[in-house]
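Here the structure comes first, spelled out in structure tokens, and everything after it is commentary.
The first residue of the sequence shown is numbered 1, and numbering continues consecutively from there.
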Amino acid sequence: MSLEKYRWDLVNCERCSMCKWVHPWSVKSRDRARICPSMQEYLYDAYSAQGRFDVARALLEGEIELTDKVLEVIYTCTLCGGCDVTCKFTRDMEPLEILHELRKFAVAQGKGPLPGHMPAIDSIRKNNNPWLQPKTRRAQWARNMNVKDLNKEKAAVLYFAGCTYSYNANLQKVARATLRIIQEAGVDVGILGNNETCCASPVLKVGMEEMFYEIAGNNVKMFNKLGIQQVITSCSGCYGIFQAHYPGVEKMQYEVLHSVQLLDQLIQQGKLQFKKKVPLKVTWHDPCHLGRGGEKQDLWEGKRLKWGLSDPPRQRNFGSNGVFDAPRNILLAIPGIELIEMERIREFSWCCGAGGGVKSAFPEFALHAAQERIAEAAATGAEALVTSCPWCESNLADAVNATESPLKIISLIELVEKAL
């Protein structure tokens, strides 16, 4: 793929500005009408999807060069997909794919990724994780847990903790609680220990396509060789990349589920039963990679003919088939929990601000986006914001600390554990 594939989109975009806003049918108020974090942060059209279309077309036709400012425009985007959803509802463009291609173009020209991204990228090369931690520490989150080692024995399910839940001392409890709960529910599960490697989402998000294909291909081959039926992960970033991008790399012989989907199934099957009341008012934050980014993608290859017509026909991904119901089902099943929704939810959820390499290269922007979400959550009157993504949990917690908000940031699995 390349920018050339999307020339039709770049030329035919009507610049209607829908990519900047929640779809009008779903807008609840003027204050919460925006969908694009970078547009809200920088207040200049170049930082919106339609503005980046202009940048992409100009680069494709040699009208501009990849200056530092152009690189800033390209990389100050969380790749949350909000623009993609709203565009698909009203037009027929592919903003998210084009935003990815812009970064691949920058890398191909030797100008990307940015210096702020390189420590994580170099660590993935050396240590199989972006956190500058040795490979030998990856399995420490599971120490003293009686769990199958899939390097030596068989199991139906692989629990894939992911880099952040494996290495972040404040978040490791999420992986431990998830594994313990699904084991007690009778799931035949195992882990890879130190042989688990990065899903390569950070690599793809900054435009390093070849490195992504190498890591992703190796992962799929390894998972296939295990003979497992399912890969379960608690990380929304891992889930989104497994679900939306791995199928285009290598044929997968297993099903991918986020842990909230499995927990929802176990509750419905009566294998998880809540016995304790958890009196708490909560609001749910839809992670981008679990929600609109968790939808299976149409891996279309063909030619755009005109508005709404392609050869061969393609399916538009509206983002509405991501994982939205499962976490809400779980919250509503926990005795004592009162769920109060924010204004921007489901496919129109506001991004936490940490994705797309923004947290690494533009931390102030990431924090501002998170503060916007914290303000929206606080306006509901909820005592806690609940989510299931390590990036969201970490960045939203930073915003809570920065604003001294009384709002609690809680992983959904913690509430499940309290209710059992």
Side-chain angles (χ1 to χ4, degrees), residues 78-79 113 116-143 145 147 150-151 158-179 190-206 208 211-220 222-223 231-246 249 256-259 287-290 293-294 352-361 363 366 387-398 411 413:
T78 63
L79 298 177
H117 299 135
M118 291 314 299
I121 299 302
D122 290 340
S123 181
I124 291 173
R125 282 198 184 99
K126 181 180 178 181
N127 306 307
N128 291 338
N129 72 82
W131 298 115
L132 284 68
Q133 297 291 319
K135 302 175 188 177
T136 52
R137 290 190 58 196
R138 189 175 193 103
Q140 285 193 4
W141 67 268
R143 60 190 177 278
M145 295 191 75
V147 59
L150 292 186
N151 299 293
L158 162 64
Y159 178 67
F160 189 94
C163 298
T164 308
Y165 283 136
S166 293
Y167 288 103
N168 188 311
N170 295 322
L171 298 175
Q172 287 177 342
K173 59 186 178 182
V174 171
R176 286 197 293 270
T178 304
L179 182 57
I191 63 173
L192 286 168
N194 290 334
N195 284 333
E196 182 182 296
T197 189
C198 182
C199 70
S201 175
V203 174
L204 181 65
K205 300 304 180 184
V206 298
M208 302 187 71
M211 186 176 175
F212 167 75
Y213 269 85
E214 179 183 355
I215 296 172
N218 289 338
N219 274 338
V220 176
M222 176 171 59
F223 297 166
V231 171
I232 306 295
T233 182
S234 297
C235 177
S236 294
C238 295
Y239 174 79
I241 213 78
F242 288 162
Q243 188 79 313
H245 294 276
Y246 271 31
V249 176
V256 176
L257 292 177
H258 190 276
S259 58
C288 300
H289 300 305
L290 180 63
C352 80
V358 166
K359 183 72 171 175
S360 300
T387 192
S388 287
C389 172
W391 295 91
C392 296
E393 291 168 49
S394 179
N395 201 44
L396 291 170
D398 287 346
S411 176
I413 195 68

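To the nearest 0.5 Å, atoms CZ (Arg143) and CZ (Arg176) are separated by 5.5 Å. The CG atom of Asn127 sits 8.0 Å away from the CD atom of Gln133 when rounded to the nearest 0.5 Å. Rounding to the nearest 0.5 Å gives a distance of 7.5 Å between OG1 of Thr387 and CG of Leu290.
With contacts defined as side-chain heavy-atom distances shorter than 4.5 Å, the pair Ile121/Met211 qualifies. For the pair Tyr246 and Val256, the minimum side-chain heavy-atom distance is 4.5 Å or more. At a threshold of 4.5 Å between non-hydrogen side-chain atoms, the residues Met222 and Asn218 do not count as touching. Using a 4.5 Å heavy-atom cutoff, the side chains of Ser236 and Trp391 are not in contact. Considering only heavy atoms from C-beta on, Pro202 comes within 4.5 Å of Ile124 through its side chain. Looking at heavy atoms from C-beta onward, Ile191 lies in side-chain contact with Trp141 at the 4.5 angstrom threshold. The side-chain heavy atoms of Tyr159 and Ser234, taken from C-beta on, include a pair separated by under 4.5 Å. At least one side-chain heavy atom of Asp398 sits less than 4.5 Å from a side-chain heavy atom of Lys359.
Checked by atom type and distance alone, the side chain of Ser123 never pairs as donor or acceptor with a backbone atom of Pro119 at under 3.5 Å. The closest donor-acceptor contact from the side chain of Asn194 to the backbone of Ala139 lies under 3.5 Å. With hydrogens and angles disregarded, a donor-acceptor distance shorter than 3.5 Å links the side chain of Asn151 to the backbone of Leu192. The closest donor-acceptor contact from the side chain of Thr233 to the backbone of Phe160 lies under 3.5 Å. In terms of modelled atom types and a separation under 3.5 Å, the side chain of Arg138 and the main chain of Lys135 share no donor-acceptor contact.
Among all heavy-atom pairs drawn from Gly356 and Leu79, the shortest one is CA-CD1, 4.1 Å. When all heavy atoms are compared, the tightest approach of Ile215 to Cys198 is CG2-O, 3.3 Å. Contact record, Gly162 with Cys238: CA-SG, 3.9 Å, taken as the closest heavy-atom pair. Taking both residues in full, the closest heavy atoms of His117 and Gly357 are given as NE2-O, 3.1 Å, listed atom of the first, atom of the second, then distance. The heavy-atom pair separating Ile232 from His258 by the smallest distance is CG2-C, 4.4 Å. Considering every non-hydrogen atom in both Asn395 and Gly353, the closest pair reads ND2-C, 3.7 Å.
Identified under the side chain to side chain donor-acceptor pair (under 3.5 Å) test for residues 163-173, with sequence neighbours left out: Asn129-Tyr167, Trp131-Thr164, Tyr165-Glu393.
For Arg125, the salt bridge (charged side-chain N to carboxylate O under 4.0 Å, His left out) test picks out Asp122, with sequence neighbours left out. Looking at residues two or more places apart in sequence or on another chain, you find no ring-ring contact (aromatic ring centres under 6.0 Å, His included) involving Tyr213.
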